[in-house]
Peer 1: 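Starting off with a structure, shown below.
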Amino acid sequence: MRIRNILICVLTSLLCLGFFCPKVANAAQTPQEFVKEFYEWYLIKDYDLSDALKQDKLAEYVDEELIAELRQEEKCHEMSYFTQMGPFFIRFKNAKVRVGDVLPMTDDVFVVPATITKESIEKIVIVYVHKKDGIFKIHSVSDAYPY
């Protein structure tokens, strides 16, 4: 009976920790899950015409310095930085996001390929993710040209 009570207390504590401490729960997230979650959020925001660069939630995914740089250069570029596509291909609300295998560069830097597909259009980008204090942040995105 006593072991049962201890087991119930431990399981309840773990459940409360996961529910009330989302940062701890997110710390277990993989770089692939993080990138997929970001693109699913970003593509909907981009489609809804609410400028994703002005959204507070962007800071949950992207490094502060990159956000500041993109906001400064925003008027100069017609291309979406995160999809590496021009205005003709930007609206991808119903696009599918596939994330490839992660390439760990160091213990806290990862390279993650992401494929954005809608109908016959397929775009591949390389996402550079840094993990600091248990939290992933996107530091850079580059185009992956098909060769």
Side-chain angles (χ1 to χ4, degrees), residues 7 9-147:
L7 184 61
C9 286
V10 168
L11 292 176
T12 303
S13 299
L14 289 173
L15 182 63
C16 289
L17 183 67
F19 184 74
F20 293 113
C21 300
K23 286 192 176 189
V24 172
N26 285 342
Q29 188 179 43
T30 66
Q32 293 98 323
E33 291 169 339
F34 173 77
V35 169
K36 184 170 177 65
E37 182 182 302
F38 166 72
Y39 274 101
E40 287 171 349
W41 170 81
Y42 177 78
L43 293 173
I44 289 171
K45 280 297 172 194
D46 197 43
Y47 178 83
D48 290 339
L49 301 176
S50 56
D51 190 355
L53 289 178
K54 294 181 179 153
Q55 299 292 319
D56 292 336
K57 188 166 174 88
L58 186 66
E60 292 178 23
Y61 298 108
V62 180
D63 180 61
E64 312 281 335
E65 291 177 21
L66 179 58
I67 293 172
E69 182 181 323
L70 292 173
R71 285 179 180 164
Q72 187 176 19
E73 297 176 359
E74 181 178 18
K75 293 173 179 56
C76 302
H77 297 288
E78 294 270 329
M79 185 169 57
S80 168
Y81 178 80
F82 296 105
T83 61
Q84 297 289 310
M85 289 188 271
F88 182 71
F89 295 109
I90 287 178
R91 307 294 173 233
F92 264 71
K93 183 176 184 177
N94 297 321
K96 303 248 188 284
V97 179
R98 246 181 18 253
V99 180
D101 293 334
V102 67
L103 173 64
M105 300 302 284
T106 65
D107 289 340
D108 58 355
V109 176
F110 307 92
V111 177
V112 183
T115 305
I116 304 164
T117 308
K118 182 168 182 173
E119 298 165 5
S120 63
I121 302 169
E122 186 173 88
K123 181 66 176 179
I124 302 170
V125 293
I126 306 297
V127 184
Y128 301 90
V129 179
H130 182 253
K131 186 174 186 178
K132 184 176 182 184
D133 299 328
I135 299 172
F136 292 109
K137 294 283 185 169
I138 294 173
H139 275 259
S140 179
V141 176
S142 63
D143 198 355
Y145 298 103
Y147 292 103

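Quick caveat, the model's predicted, so the values are computed rather than measured. FYI, side chains are in, hydrogens and waters are out, and symmetry mates aren't considered; it's all heavy atoms of this structure.
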Peer 1: Does the side-chain contact (heavy atoms from CB on, under 4.5 Å) test come out yes or no for Thr115 and Glu122, once each step is laid out?
Peer 2: CA-CA 7 Å; Thr115 305; Glu122 186 173 88; 3.4 Å; yes
Peer 1: Could you tell me whether Lys123 and Asp143 make a salt bridge, using a distance below 4.0 angstrom between a side-chain N and a carboxylate O?
Peer 2: yes
Peer 1: Which distance, rounded to the nearest 0.5 Å, do you find between the CZ of Phe110 and the CG of Asp101?
Peer 2: 13.5 Å
Peer 1: Looking only at heavy atoms, which two atoms of Met105 and Val111 are closest? And how far apart?
Peer 2: CG-CG2, 3.5 Å
Peer 1: Taking all non-hydrogen atoms of both residues into account, name the closest pair between Gly100 and Gln32 and its distance.
Peer 2: O-CG, 3.4 Å
Peer 1: To the nearest 0.5 Å, what is the distance between NZ on Lys96 and CD1 on Ile116?
Peer 2: 13.5 Å
Peer 1: Check whether Glu33 reaches the backbone of Thr30 with its side chain - one donor and one acceptor, N or O, closer than 3.5 Å.
Peer 2: yes
Peer 1: Would you say Tyr39 and Val127 make side-chain contact, with heavy atoms under 4.5 Å?
Peer 2: yes
Peer 1: Quick check against the 3.5 Å criterion: does Asp63 have a side-chain atom that pairs as donor or acceptor with the backbone of Glu65?
Peer 2: yes
Peer 1: Run the numbers on Trp41 and Gln55 for side-chain contact (heavy atoms from CB on, under 4.5 Å), then give the verdict.
Peer 2: CA-CA 11 Å; Trp41 170 81; Gln55 299 292 319; 3.9 Å; yes
Peer 1: What verdict does the side-chain contact (heavy atoms from CB on, under 4.5 Å) test give for Val35 and Phe136, after you've listed the backbone C-alpha separation in whole Å, the side-chain angles of each residue and the deciding distance to 0.1 Å?
Peer 2: CA-CA 9 Å; Val35 169; Phe136 292 109; over 6 Å; no
Peer 1: How far does CD of Glu60 sit from NZ of Lys137, to the nearest 0.5 angstrom?
Peer 2: 7.5 Å
Peer 1: What I'd like to find out is whether the side chain of Phe82 reaches to under 4.5 Å of the side chain of Leu70, using heavy atoms alone.
Peer 2: yes
Peer 1: If you measure from CG on Asp108 to CD1 on Ile135, what distance do you get to the nearest 0.5 Å?
Peer 2: 13.0 Å
Peer 1: Let me confirm one number: the CG-CD distance from Leu58 to Glu64, rounded to the nearest 0.5 Å.
Peer 2: 9.0 Å
Peer 1: Report the relative orientation of the aromatic rings in Tyr61 and Phe34; use parallel for angles under 30°, tilted for 30 to 60°, perpendicular for over 60°.
Peer 2: tilted
Peer 1: Specify whether His139 and His130 have parallel, tilted or perpendicular ring planes, treating 30° as the upper limit for parallel and 60° as the lower limit for perpendicular.
Peer 2: perpendicular
Peer 1: So, for Ser140 and Leu66, which heavy atoms are closest and what is the spacing to 0.1 Å?
Peer 2: N-CD2, 4.1 Å
